[in-house]
Amino acid sequence: MKNKIYIIALFLGWVCHSQSYITSLPFVMKKDGKSFSYVDKSKDESYVFISNAKKVRIVHYDNKFNSLDTLMTPIPGKKTDNMIGFTKNESSINLIWTTNNAEKFLFQNLDFKTKKVTITSKELNFNRQNVVQTFSTNDAFYCLAVVEQSSVLKLYRFSNQNELEVKTFDFSTTSFSDSNNESSNLYDLFEESFESIEASFELQNMDVSLPNSLAICAKKRKAYLTEKELVLTFDNNYTSTQVVKINLTDYTSASFIINKPEEKIVTHQSNSYFFEGNLYQFKVSKFLLLMSIKNLNGEVIKDFSTDSHTEISYKNSDFLCEWVNKHQEKNIENTYQFVTKLSDYKVGISCYNYNGKNLISFGGVSNRIKKIDPNEDDYNNSGVPLIPFQYGAIGGLLYATAFVLLGGYDGTSFFYNNYKSSRNIISVNALFSKNFDQESDKINSFSGTKMCSYFNGFAEIKYPTFFSTNGKAYVGYYNEDAKQYVIMKFEN
């Protein structure tokens, strides 16, 4: 009865915030909880994985969130509580775990038909390599690593039969440049850090089906994964976006150097976003705001230049301001104020499929800010979890590798960096058709801003996961009072 009351109260709150309650799962998650999700796009079906210190539960949903099947099983062992990915085939799921020293991979096969569970393991040697990210797609699991002091990438692929395949990609013939415009290799680009926004060897995995906040789009290194290819973009250098592309079918590779708008204007305030095969670039100087859309051959599709004293002709929104401490800030009313504020921010750009059109958001984010209660003299804020990258080693592994393989890029870190970031965010929206014609709709709010607005009312969100299907964004998270894992829908 108590749980029902909590769910009813939550539902009423969602109605007030124009969000939709989809479903909930009874499950107790304490300090060792984990969660992630997967969408089978070929069938438009979803999988949600949640675990605590003792067991893991998997639920398989159809496109209307009717439960097709569910499994619950103990986790593989006491020293194996880092669930970092999975593979799948028609009848079973392979959950992939790492041991606490990150030196062994365990594959927990869960057969939905027979309900049988089997466990196998593999050890990998990442000597002289930094693992920078992991991915699950094509019913396979991938680990991406960069070899020390080189432009060599290694891609470790585990099939749904747990067979390991290692591919090496050498980009030594490409002339990369670092943030000082000096000749460098890929390892150098990964090693660079960018103040509070991005640590060394941090590679942000971008799911373009989700409405990503500028809080993560302001990062300089991004990875974009589709079923057919993996694309890495590097905006370390102020003159160009450097792109590496790997075909996941035939394992061919290519690199591209795409100049940023107005090459003669030197400013580090620039960034990019890769969406549907095109690169969206954004650049801000003291007096100019520049945006361009190009293909990977560098051919310009659209190009915009706005003087700081004129109106942004292609914007479809007001100047949008998300302040950590609203009482300390004044809203932005014109282009000059926008450009001036961006001079102290880290700039970013994103693109999202908004009802069959391209919604571009561009602007910037501040450093992390402590929230201050104007009604209290001494407000104590515990802060927001930071990604704890650092130099050094753990058990013989480079720290960045250990961080990735111990589940550092989980839903919680993604959530706090994306939708509850403790940063000021200022932005403008622009709406274009798929043919890049400007639309007239005014868009001040969409599913991404609704997520930020809704969740910023919560003190803490536990074990969130994010996915997109049916053209809508979904968030799962643990409600401690109801002891339920809840899934919500956010629409445009």
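Side-chain contact, Trp97 with Gln108: a donor N or O sits under 3.5 Å from an acceptor N or O. Between Asn162 and Thr120, the side chains place a donor N or O and an acceptor N or O closer than 3.5 Å (distance only, hydrogens not considered). A side-chain donor from one of Asn424 and Glu329 sits under 3.5 Å from a side-chain acceptor of the other. Between the side chains of Asp139 and Asn160, no donor-acceptor pair of N or O atoms lies under 3.5 Å. Side chain to side chain, Asn212 and Lys222 fail the donor-acceptor criterion of an N or O pair below 3.5 Å.
Within 6.0 Å of atom NZ in Lys64, 12 or fewer heavy atoms from other residues, nucleotides or ligands are found, so the atom counts as exposed in its surroundings. For Lys330, the NZ atom sits in a loose shell: 12 or fewer heavy atoms of surrounding residues, nucleotides or ligands are nearer than 6.0 Å.
With respect to Lys88 and Asp40, a salt bridge is recorded, a charged nitrogen being found less than 4.0 Å from a carboxylate O. Salt bridge annotation for Lys115-Asp69: present, with a cationic side-chain nitrogen under 4.0 angstrom from a carboxylate oxygen. A salt bridge does not link Glu192 to Arg221: none of the charged side-chain nitrogens sits closer than 4.0 Å to a carboxylate oxygen. The pair Arg423-Glu322 fails the salt-bridge criterion, with no side-chain N (NZ, NE, NH1 or NH2) lying under 4.0 Å from an Asp/Glu carboxylate O. Using a 4.0 Å cut-off between charged nitrogen and carboxylate oxygen, Glu90 and Lys43 count as a salt-bridge pair.
Two residues are said to be in side-chain contact when any heavy atoms from C-beta on lie closer than 4.5 Å; Gln328 and Ile372 meet this criterion. Here the side chains of Phe194 and Asn236 are in contact, with some heavy-atom distance below 4.5 Å. Looking at Ile443 and Leu359, their side chains come closer than 4.5 Å, going by heavy atoms from C-beta outward. By the 4.5 Å heavy-atom criterion applied to side chains, Val244 and Leu153 are counted as neighbours. Two residues are said to be in side-chain contact when any heavy atoms from C-beta on lie closer than 4.5 Å; Asn316 and Lys442 fail this criterion. Two residues are said to be in side-chain contact when any heavy atoms from C-beta on lie closer than 4.5 Å; Lys245 and Leu230 fail this criterion. No side-chain heavy atom of Leu248 sits under 4.5 Å from any side-chain heavy atom of Glu227.
Going from atom CG of Asn130 over to atom NZ of Lys154 covers 13.5 Å, rounded to the nearest 0.5 Å. Atom OG1 of Thr98 sits about 5.0 Å away from atom CD1 of Ile84, to the nearest 0.5 Å. For the atom pair OH of Tyr280 and CD1 of Ile349, the computed distance is 8.5 Å after rounding to the nearest 0.5 Å. With values rounded to the nearest 0.5 angstrom, Lys326 atom NZ is found 8.5 Å from Asn331 atom CG. Here the straight-line distance linking atom OG of Ser51 with atom CZ of Arg57 works out to 13.0 Å at 0.5 Å rounding. Note that the CD1 atom of Ile197 and the OH atom of Tyr345 stand 11.5 Å from one another [nearest 0.5 Å].
Note: Phe141 and Phe135 fail the aromatic proximity criterion, with ring centroids not under 6.0 Å apart. A distance below 6.0 Å separates the ring centres of Phe126 and Tyr156. Taking the six-membered ring for Trp and the full ring otherwise, Phe65 and Tyr474 have centroids separated by under 6.0 Å. Taking the centre of each ring, Phe158 and Phe107 come in below the 6.0 Å mark. Checked against the 6.0 Å centroid threshold, Phe282 and Phe362 count as a close aromatic pair. Centroid-to-centroid, the aromatic rings of Tyr61 and Tyr47 stay 6.0 Å apart or farther. Residues Tyr478 and Phe27 place their aromatic rings such that the two centres sit no closer than 6.0 Å.
Of the listed residues (Lys219, Lys220, Gln133), just one forms a side-chain hydrogen bond (donor to acceptor under 3.5 Å, both in side chains) with Glu202, and that residue is Lys219.
The closest donor-acceptor contact from the side chain of Ser317 to the backbone of Asn429 lies under 3.5 Å. Panel note: side chain Ser193, backbone Ser200; no donor-acceptor pair is recorded below 3.5 Å. For Ser35 (side chain) and Phe49 (main-chain N/O), no donor-acceptor pair under 3.5 Å exists by modelled atom type. A donor-acceptor pair under 3.5 Å is formed between the side chain of Ser37 and the backbone N or O of Phe466. Checked by atom type and distance alone, the side chain of Ser159 pairs as donor or acceptor with a backbone atom of Glu163 at under 3.5 Å. Side-chain atoms of Asn94 do not come within 3.5 Å of backbone N or O of Phe86 as any donor-acceptor pair. No donor-acceptor pair under 3.5 Å is formed between the side chain of Gln129 and the backbone N or O of Glu148. Judged by distance alone, the side chain of Asn325 and the main-chain N or O of Lys370 form a donor-acceptor pair under 3.5 Å.
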Legend entry - Derivation of the side-chain contact (heavy atoms from CB on, under 4.5 Å) call for Val56 and Met72: CA-CA 6 Å; Val56 58; Met72 187 138 60; over 6 Å; no

Legend entry - Evaluation steps, side-chain contact (heavy atoms from CB on, under 4.5 Å), between Ile58 and Phe112: CA-CA 10 Å; Ile58 306 101; Phe112 280 98; 4.0 Å; yes

Legend entry - Criterion side-chain contact (heavy atoms from CB on, under 4.5 Å) on Val208 and Cys351, from CA distance to verdict: CA-CA 8 Å; Val208 299; Cys351 194; over 6 Å; no

Legend entry - Verdict with reasoning, Phe275 to Tyr352, per side-chain contact (heavy atoms from CB on, under 4.5 Å): CA-CA 8 Å; Phe275 184 74; Tyr352 177 58; 5.8 Å; no

Legend entry - From CA spacing to verdict: ring pair (Phe, Tyr, Trp, His ring centres under 6.0 Å), Phe36, Phe467: CA-CA 9 Å; Phe36 63 89; Phe467 56 101; over 10 Å; no

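At least one cation-pi condition fails for Lys122 and Phe105: the charged atom is not both under 6.0 angstrom from the six-membered ring centre and inside a 45 degree cone around its axis. Cation-pi geometry between Lys483 and Tyr485 is not met: the NZ or CZ atom fails to fall both under 6.0 Å from the ring centre and inside 45° of the normal.
Taking the six-membered ring where the residue is Trp, Phe274 and Tyr224 present perpendicular rings, their angle passing 60° and hence far from 30°. The aromatic rings of Phe190 and Phe201 sit parallel, their planes meeting at an angle under 30°, below the 60° perpendicular limit.
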